[in-house]
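Read the structure below first, then the notes.
Bear in mind that the values here come from a model prediction, so they are computed numbers and not experimental data.
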Amino acid sequence: MRKNIFIVFVGLISLSACKKDFLDQKSPNAVTVDQFFASPNDVQLAVNGIYQSLRSGSNIGEGSGLYTDQRSDDTGTNDNQSNAGEPFQFGNFSILPSNSYLKGHWGSLYQTISRCNVVTSNIDKVSFPSQDVKGQYLAEAKFIRALMYFHLVRKWGDVPLVTKQLTSSEEVLANTSRQPQATVYAQIVADLKDALSSTLPNLQTGAGLGRVSKAAINGLLGQVYLTMATTFENGKADNLGNANTYLMAAYNMKNFGTLASIPYADVFDVAKKSSNPEVIFEIVNYQGNINYASSIAADNQPFGETINSKKAPTGVVGNVTPDLVLDYETGDPRKDFSIKYAADNRVLDWFVTKYRDASDAAGVNGYGGNNCPLMRYADIILMLAEVNMLQGNDGVAIQYLDMVRARAGVPLYAVARTDANYNTKYPTLKLAILHERRVELAFEHQRWFDLLRFFTTDELVAYFRTKSQSNFGNAKLSNFTTKDRYFPIPFDEVKLDPVKMYQNPGY
C-alpha cells in the first residue's frame with residue numbers, strides 16, 4: 001500500500017556492508033521512491049513517517065532516557081538483573097563500542113535522517129497547488145534533520161554528514177566518513193535558517209500539535225548557538241549573540257503572560273495537554289491507543305504503588321538517584337510532583353511520578369496519554385538566563401531565573417542567596433542556573449546536554465568525582481574519565497572503514 005511505503009526507506013550507513021548484487025535486486029511488486037512521490041498527499045505521508053520515527057525509545061521518544069538521563073546524575077538502574085546487562089553500561093560509564101543499544105540509537109537517528117533526505121531529495125518532483133504548503137513540508141523535514149544531527153554531534157562528536165537520498169552502495173560508501181563537528185553544526189544552522197523562512201505558524205495548535213513551528217525552530221537555533229559558544233572558542237561572542245537573538249524570538253512568540261500563570265502540574269496533566277500554553281514541541285500520544293499511547297506512567301510504577309497508572313506494577317523500575325533527590329530545595333513543590341519514595345520492601349527507592357495517567361481511558365493496560373516534551377518555555381527562559389550570564393549580564397540573567405523560581409513557588413534568587421545551604425551548594429550564578437534547570441526539567445532528557453554545555457571535559461570529570469558514591473547508586477563514579485564526553489562509535493561502523501570512521505579516544 002502506498003501509505004506504508006515511507007516506513008521502509010533504507011538507512012544511511014549500514015548499507016555499505018551490503019553486496020551490490022543484493023542492492024540491485026528488484027521486486028516486481030515494489031513501489032520505488034520515484035514512483036511513490038506523485039502527489040502532495042504522498043509528501044505528507046512521508047513527512048508523517050519522519051515524525052513517527054521520533055517516537056521510538058531508540059530515537060528521542062519517551063524511552064530514550066537511557067542515552068541522556070541515565071548517562072547523567074539523575075537516574076539509573078539499581079536492581080542486580082539490570083546491572084548485569086548492556087543498558088547498565090551507559091550510567092556506569094563502562095560502555096563498549098559493541099553495545100547493541102548504542103548501535104540501535106545510532107541507527108535510529110540515521111534512519112530518521114534518511115527519511116528526511118528522501119523528502120528533501122524528491123519534493124521538487126511533486127506539483128503543489130500552494131508553494132506555502134510545499135515550503136512547510138520542506139521546513140519540517142529540515143528541522144527534524146537538524147535535530148537529529150544535533151543529537152549525533154553532541155553524543156559522538158565528528159559524525160558522517162549526509163543531506164541527500166543515497167541510492168547505491170557506492171554512494172553510501174562514499175559518505176561513510178566522519179566529518180568535523182564544525183561542519184555538522186554549519187549544516188544544522190543552515191537547515192534551521194531555511195526552515196525559518198517558511199510559512200509555518202509561530203505555534204502549533206489543534207490538529208497541528210506535535211508538529212514543527214517557528215517557535216520551535218527559533219528555540220532550537222538558540223540552543224544550537226548556545227552549544228556552539230561553549231564548544232568552540234572561536235566565534236564565542238557571535239554565537240552567544242545569535243543564541244540570545246533566536247531564544248528571544250522564540251520567547252516573544254509565547255501566547256501567555258507570565259510563566260507563573262501556568263501551574264507546574266498543569267504542564268504534565270494529561271487532561272489539560274491540548275490547551276497547554278507552555279508547550280513548543282512534543283511527541284503526541286493518545287490514551288487507549290495500543291500503537292500511539294504512552295507507556296511512561298506504567299513503566300515507572302514500582303511494586304506497591306498506584307499513583308502513576310492503573311496497570312499493576314511488575315518490577316522495581318528505574319530509580320532516581322539520591323543525588324537528584326537531595327538537589328531539590330526544602331519546600332520545592334516540584335519534588336513532590338516529580339518523584340516519590342517507594343516503601344515496598346522489594347523497592348525501597350525513589351521513582352518518577354512526573355508523568356502520570358491513572359485514568360480510566362488509559363486503563364489497566366497502561367495505554368497512557370502523556371505527551372513527550374521536547375521543548376517548552378521554561379527551557380527557553382532558563383537558556384536565556386544562561387546566555388545572559390555568559391554575556392556578563394547577570395542582572396538580566398537573574399530576572400529570567402526568577403521567572404521559573406516564581407512559578408515554582410520557591411524564594412527568588414536574591415532571597416535564596418541569603419540561605420547558607422543554598423549559597424554553599426550554588427555559590428555562583430552559573431551553578432544556580434544549572435541547579436534550576438535540573439529540578440525544573442528533570443526527566444525531560446536535558447540534564448546530560450546541560451552538563452556538557454556548562455562544563456569543559458576536565459571540569460565535568462571533576463564535577464562527577466566530587467559527588468558522593470553513596471548518592472549515585474551502583475554505577476561507579478570512578479569510571480568517569482575524559483573519554484566519557486562522547487559515546488564510542490559503534491564497532492560495526494568502525495569496521496566499515498577504520499580510517500574514515502575512526503574511533504573516539506579512550507575506547
Side-chain angles (χ1 to χ4, degrees), residues 60-76 147 150-151 154 215-216 219-220 222-224 226-227 230 243 247 250-251 254 259-260 262-269 273 276-283 296 300 318 320-321 323-329 332-339 350 352-356 370-387 389 397 400-410 413 426 430-455:
I60 61 170
E62 64 182 24
S64 64
L66 178 65
Y67 313 106
T68 51
D69 292 340
Q70 287 193 41
R71 187 70 169 171
S72 74
D73 46 5
D74 278 1
T75 67
L147 180 61
F150 193 35
H151 274 266
R154 289 178 295 172
L220 186 57
Q223 187 179 17
V224 168
L226 181 55
T227 304
T230 57
L247 289 170
Y251 177 75
K254 62 184 175 63
L259 192 66
I262 310 169
Y264 188 75
D266 284 8
V267 178
F268 307 97
D269 189 335
K273 68 176 189 176
N276 176 9
E278 194 181 329
V279 67
I280 300 176
F281 188 51
E282 63 185 349
I283 296 172
I296 193 169
N300 278 286
V320 177
T321 65
D323 189 77
L324 170 57
V325 176
L326 294 170
D327 213 20
Y328 284 99
E329 296 165 51
D332 189 338
R334 291 171 294 190
K335 176 183 178 181
D336 291 339
F337 182 81
S338 301
I339 59 176
W350 293 85
V352 178
T353 58
K354 191 172 189 174
Y355 306 101
R356 315 173 188 181
N370 310 87
N371 289 350
C372 177
L374 300 177
M375 186 187 303
R376 59 185 177 91
Y377 270 107
D379 183 11
I380 299 296
I381 290 168
L382 288 172
M383 282 193 285
L384 281 167
E386 181 182 344
V387 71
M389 177 268 298
Y400 286 115
L401 174 63
D402 280 344
M403 289 181 189
V404 176
R405 292 184 64 82
R407 194 263 293 274
V410 294
Y413 181 66
Y426 320 113
K430 175 181 176 178
L431 291 177
I433 294 171
L434 181 63
H435 155 71
E436 204 65 39
R437 288 187 62 83
R438 188 183 195 186
V439 295
E440 172 70 26
L441 303 170
F443 323 119
E444 296 180 44
H445 305 169
Q446 298 284 353
R447 176 64 174 176
W448 176 244
F449 297 130
D450 289 347
L451 292 172
L452 297 181
R453 205 169 59 245
F454 273 73
F455 299 116

Quiz item: Is it true that the NZ or CZ of R71 lies under 6.0 Å from the centre of Y67's six-membered ring and within 45 degrees of the ring axis?
Solution: no
Quiz prompt | Within-4.5 Å side-chain heavy-atom neighbours: N276 and D266 | solution = no
Quiz prompt | Any Y264 side-chain heavy atom under 4.5 Å of R407 side chain | solution = yes
Quiz prompt | Side chain to side chain, M403 and Y400, heavy atoms closer than 4.5 Å | solution = yes
Quiz item: When rounded to the nearest 0.5 angstrom, what is the spacing between CZ in R405 and CG in L382?
Solution: 10.5 Å
Practice problem: Could you pull out the closest heavy-atom pair between E282 and N371, with the gap in Å? | Solution: OE2-ND2, 3.1 Å
Quiz item: Between M375 and A216, what is the shortest heavy-atom contact and its length?
Solution: CE-O, 3.5 Å
Practice problem: Determine whether the aromatic ring centres of H151 and F449 lie less than 6.0 Å apart. | Solution: yes
Quiz item: Is the shortest heavy-atom distance from the side chain of Y328 to the side chain of I339 under 4.5 Å?
Solution: yes
Quiz prompt | Closest non-hydrogen atom pair, G222 against A243 | solution = O-CB, 3.5 Å
Quiz item: Side chains of I296 and K354: does their closest heavy-atom pair fall under 4.5 Å?
Solution: no
Practice problem: Give the minimum heavy-atom separation between I262 and P277, together with the two atoms involved. | Solution: CD1-CG, 3.6 Å
Exercise. For the pair L220 and F281, evaluate side chain to side chain contact (heavy atoms under 4.5 Å, CB included) and give the outcome as yes or no after the intermediate values.
Key: CA-CA 10 Å; L220 186 57; F281 188 51; over 6 Å; no
Self-check item: Distance, nearest 0.5 Å, that separates CZ of F268 from CG of N370
Solution: 10.5 Å
Quiz item: Would you call E444-R376 a salt bridge at under 4.0 Å N-O?
Solution: yes
Self-check item: salt bridge (Lys or Arg N to Asp or Glu O under 4.0 Å) assessment of R437 paired with D379
Solution: CA-CA 7 Å; R437 288 187 62 83; D379 183 11; 2.9 Å; yes
Exercise. Might you point out which heavy atoms bring L452 and R154 nearest each other, and give the distance in Å?
Key: CD1-O, 3.8 Å
Quiz item: Going from OG1 on T230 to CD on E386, what distance comes out if it is rounded to the nearest 0.5 angstrom?
Solution: 7.0 Å
Self-check item: Note: D450-R438 ion pair, threshold 4.0 Å (strictly below)
Solution: no
Quiz item: Would you say V387 and Q223 make side-chain contact, with heavy atoms under 4.5 Å?
Solution: no
Exercise. Check whether any side-chain heavy atom of Y355 lies under 4.5 Å from a side-chain heavy atom of N300, and answer yes or no.
Key: no
Practice problem: Work out which heavy atom in D402 is nearest to a heavy atom in Y413; give both atom names and the distance. | Solution: OD1-N, 2.8 Å
Quiz item: At what distance, to the nearest 0.5 angstrom, does CG of L401 lie from CG of L384?
Solution: 12.0 Å
Exercise. Name all residues meeting the side-chain contact (heavy atoms from CB on, under 4.5 Å) criterion together with T75; count only those two or more places apart in sequence or in a different chain, and write none if there are none.
Key: D69, Q70, F443
Quiz item: So do H435 and V439 actually touch side chain to side chain, heavy atoms under 4.5 Å?
Solution: yes
